[in-house]
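Structure first, then comments.
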There are 2 protein chains.
Amino acid sequence: MPGTDASATQAPRRQATDEPKPKPKSATPLSAERIVEAALAQIAERGVERFSLRDVARTLGVYPTAVYWYFRSRNELLAAVCAAAQRDIVPPPRQGDWQAWLRELFRRYRQAMRTHPHLAQLVGAQMLSNASLDLTLVDGILHMLQQAGCPDGPLVDLYNAVVAALCGYPTIELAPLPAEDPMGWAADLQQRVHQIPAMQHPVLARHLHRMADRSFVLRWTPGTQQPLDGGFDAYVEIFIAGLEARLAAARAG
Amino acid sequence: MPGTDASATQAPRRQATDEPKPKPKSATPLSAERIVEAALAQIAERGVERFSLRDVARTLGVYPTAVYWYFRSRNELLAAVCAAAQRDIVPPPRQGDWQAWLRELFRRYRQAMRTHPHLAQLVGAQMLSNASLDLTLVDGILHMLQQAGCPDGPLVDLYNAVVAALCGYPTIELAPLPAEDPMGWAADLQQRVHQIPAMQHPVLARHLHRMADRSFVLRWTPGTQQPLDGGFDAYVEIFIAGLEARLAAARAG
DNA sequence: ACCTGAACACCGTTCAAGT
DNA sequence: ACCTGAACACCGTTCAAGT
């Protein structure tokens with residue numbers, strides 16, 4: 001008797017080995033593009049949190065280890081996915097109206113994140129420096145700032161402010177809400193929001209009917225389903241107006 | 001013959017079972033606070049990515065499953081950790097000078113994220129709605145907006161813009177750089193940055209010496225080690241100036 | 001060059017059992 | 001009430017082997 005492990009003498013009960021079930025032999029050959037495509041689809045469907053390399057391999061009908069021929073690690077695959085989602089966000093150069101160019105850049109970035117919902121948190125919060133060095137973005141922003149009359153002194157600071165502002169709103173707006181038991185969580189938050197004591201928070205209570213589920217912290221519907229457009233527009237216009245003021249001050253002083 | 005699995009007839013080679021090694025019997029009893037504290041320390045040290053519930057249990061000298069008495073899941077523990085990191089970010093009410101209050105709020109939020117480095121991505125990009133409904137923050141921002149003369153119409157939009165801006169910069173600034181082989185990655189990026197073709201990107205090339213490692217996309221040193229203060233100050237002042245302009249327009253129209 | 005196949009060292013979580 | 005202990009169904013990754 002080998003021991004108390006009853007299963008040891010039986011056939012290994014590991015479920016059906018690692019054989020890729022769905023597509024025993026895929027017609028099209030494996031490629032980096034196909035892997036990125038499959039990963040993109042899976043993240044859009046289930047979120048980054050529950051994205052798994054093994055699942056990607058399963059849907060492609062190959063062994064998990066086959067992916068390693070194209071990507072050195074899971075993170076490298078995610079970086080490629082982020083790079084793919086960031087295509088075409090830089091508007092073509094525009095004469096004279098830097099405000100319009102910047103507005104369009106903000107709009108495109110948000111649009112790109114909206115078409116790949118669960119990717120905003122990766123692009124904004126993790127992969128910004130990992131992504132494949134998008135020089136057209138950097139160059140475009142610098143061009144815009146110079147066109148707006150920005151002196152060399154504050155150029156770098158303003159560049160950093162622009163990039164952060166660019167990623168900011170979509171990252172927060174499209175942040176994933178709790179994945180486990182989302183219905184229960186939503187119901188719970190909804191109830192707590194509606195039970196906010198009016199005398200402790202008079203200002204909040206007065207505007208609650210317009211804020212409930214339509215503002216950060218007090219919302220339970222994710223930004224993918226319910227965009228907060230008004231806030232975004234305000235955000236963009238605030239930033240552009242503030243940049244105008246800041247540039248005027250910089251040129252004067 | 002049971003099969004080809006040679007190890008089946010031997011003692012299970014799983015490494016030393018799950019026994020908690022470091023502290024065989026902890027003097028202080030387990031508690032939600034101690035777990036949060038341990039989790040906070042571990043995230044600060046190794047990042048959210050490699051944070052594990054089992055490791056937290058190990059450092060506390062208990063079985064992994066003991067944590068489940070206090071938290072229903074790993075995510076719920078992370079939410080508690082986020083809530084702990086967000087303490088005291090709302091400044092006390094201030095008379096007359098809403099700009100100063102807002103500036104202080106921005107400063108405090110960034111400071112809180114800086115003291116818990118790897119948490120910004122969670123607070124900003126994941127837990128904003130999961131966190132424990134910080135009504136003082138909501139109320140404080142609404143108060144500030146009203147004090148600034150904001151009409152009821154655009155109030156919600158401006159609130160959303162403020163919250164997004166609040167989280168935006170620190171989330172991007174403190175985003176974790178690639179964890180695996182950071183040295184190699186940094187060297188690689190550094191080299192690529194310095195090899196940027198000057199004729200293809202004339203504007204960029206002219207400012208490269210001040211931008212390399214000191215601006216988003218072109219940096220390889222993480223924001224925890226090298227803060228981008230100038231960009232943050234510009235960002236805050238741009239937002240406040242823009243908000244002033246926007247409010248003036250709202251009151252007029 | 002491109003992929004299979006087995007194995008390693010982990011995970012989070014569930015459930016029953018101890019005290 | 002609070003924690004142990006074993007087990008389940010996964011992970012990402014390495015390494016050798018096939019073709």
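Just so you know, these numbers come straight off a predicted model, no measurement behind them. Below, chains carry the letters A, B, ... as their sequence lines are ordered, and counting in each starts from 1.
As a whole-Å value, the separation of N75(B) CG from dG12(C) P is 11 Å. Separating the CD atom of E49(B) from the P atom of dC10(C) is a distance of 17 Å, rounded to the nearest angstrom. Regarding R74(B), its CZ atom lies at a distance of 16 Å from the P atom of dC10(C), rounded to whole Å. A straight line from CZ of R50(A) to C1' of dC11(C) spans 16 Å, rounded to a whole angstrom. Spacing between atom OH of Y63(B) and atom P of dA7(D) amounts to 13 Å, rounded to whole angstrom units. Distance, F71(B) CZ to dG12(C) P: 14 Å, rounded to whole Å.
Checked against dT4(D), dC3(C), dT13(D), the side chain of Y70(A) finds its nearest nucleotide in dC3(C). Considering only side-chain atoms of L53(A), the nucleotide from dT4(D), dG12(D), dT4(C) that sits closest is dG12(D). Of the candidate nucleotides dC11(D), dT4(C), dC2(D), dC2(D) has the atom lying nearest to any side-chain atom of W69(B).
In this view, D229(B) and R110(B) satisfy the salt bridge (charged side-chain N to carboxylate O under 4.0 Å, His left out) rule, not counting sequence neighbours. Listed by chain and residue number, R46(A), R58(A) satisfy the salt bridge (charged side-chain N to carboxylate O under 4.0 Å, His left out) test with D55(A) (two or more places apart in sequence, or in another chain). Here T136(B) pairs with D134(B) under the side chain to side chain donor-acceptor pair (under 3.5 Å) rule; sequence neighbours left out. Judged as a side-chain contact (heavy atoms from CB on, under 4.5 Å), and not counting sequence neighbours, the contacts of Q225(A) are T221(A), P222(A). Applying the side-chain contact (heavy atoms from CB on, under 4.5 Å) test to A186(B) and every residue at least two apart in sequence or in another chain returns W220(B). When the salt bridge (charged side-chain N to carboxylate O under 4.0 Å, His left out) test is applied to R108(A), the partners found at least two apart in sequence or on another chain are E104(A). Remark: F106(B) pairs with F239(B) by the ring-ring contact (aromatic ring centres under 6.0 Å, His included) rule, at least two apart or across chains.
For the ring-ring contact (aromatic ring centres under 6.0 Å, His included) condition, no pair includes a residue of residues 32-56 of chain B, sequence neighbours left out. Screening residues 76-89 of chain A for salt bridge (Lys or Arg N to Asp or Glu O under 4.0 Å) gives R72(A)-E76(A) as the qualifying pairs, with residues at least two apart or on separate chains.
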Using the 3.5 Å cut-off, write out each protein N or O paired with an N or O of nucleotides 14-19 of chain D and the distance between them.
none

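Listed pair R54(A) / dA9(D) fails the phosphate criterion, with no side-chain N or O lying under 4.0 Å from OP1 or OP2.
If you check residues 35-42 of chain B against DNA chain D, you find no residue with a heavy atom closer than 4.0 Å.
We find the CG-CD1 distance between L30(A) and I35(A) to be 4.0 Å, quoted to the nearest 0.5 Å. With rounding to the nearest 0.5 angstrom, the CG atom of N75(A) is 5.0 Å from the CD atom of E49(B).
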*With pairs defined as Watson-Crick or G-U wobble and both distances under 3.5 angstrom, please note down DNA chain C as a dot-bracket string, | for pairing with another strand.*
||.|||||...|||||.||

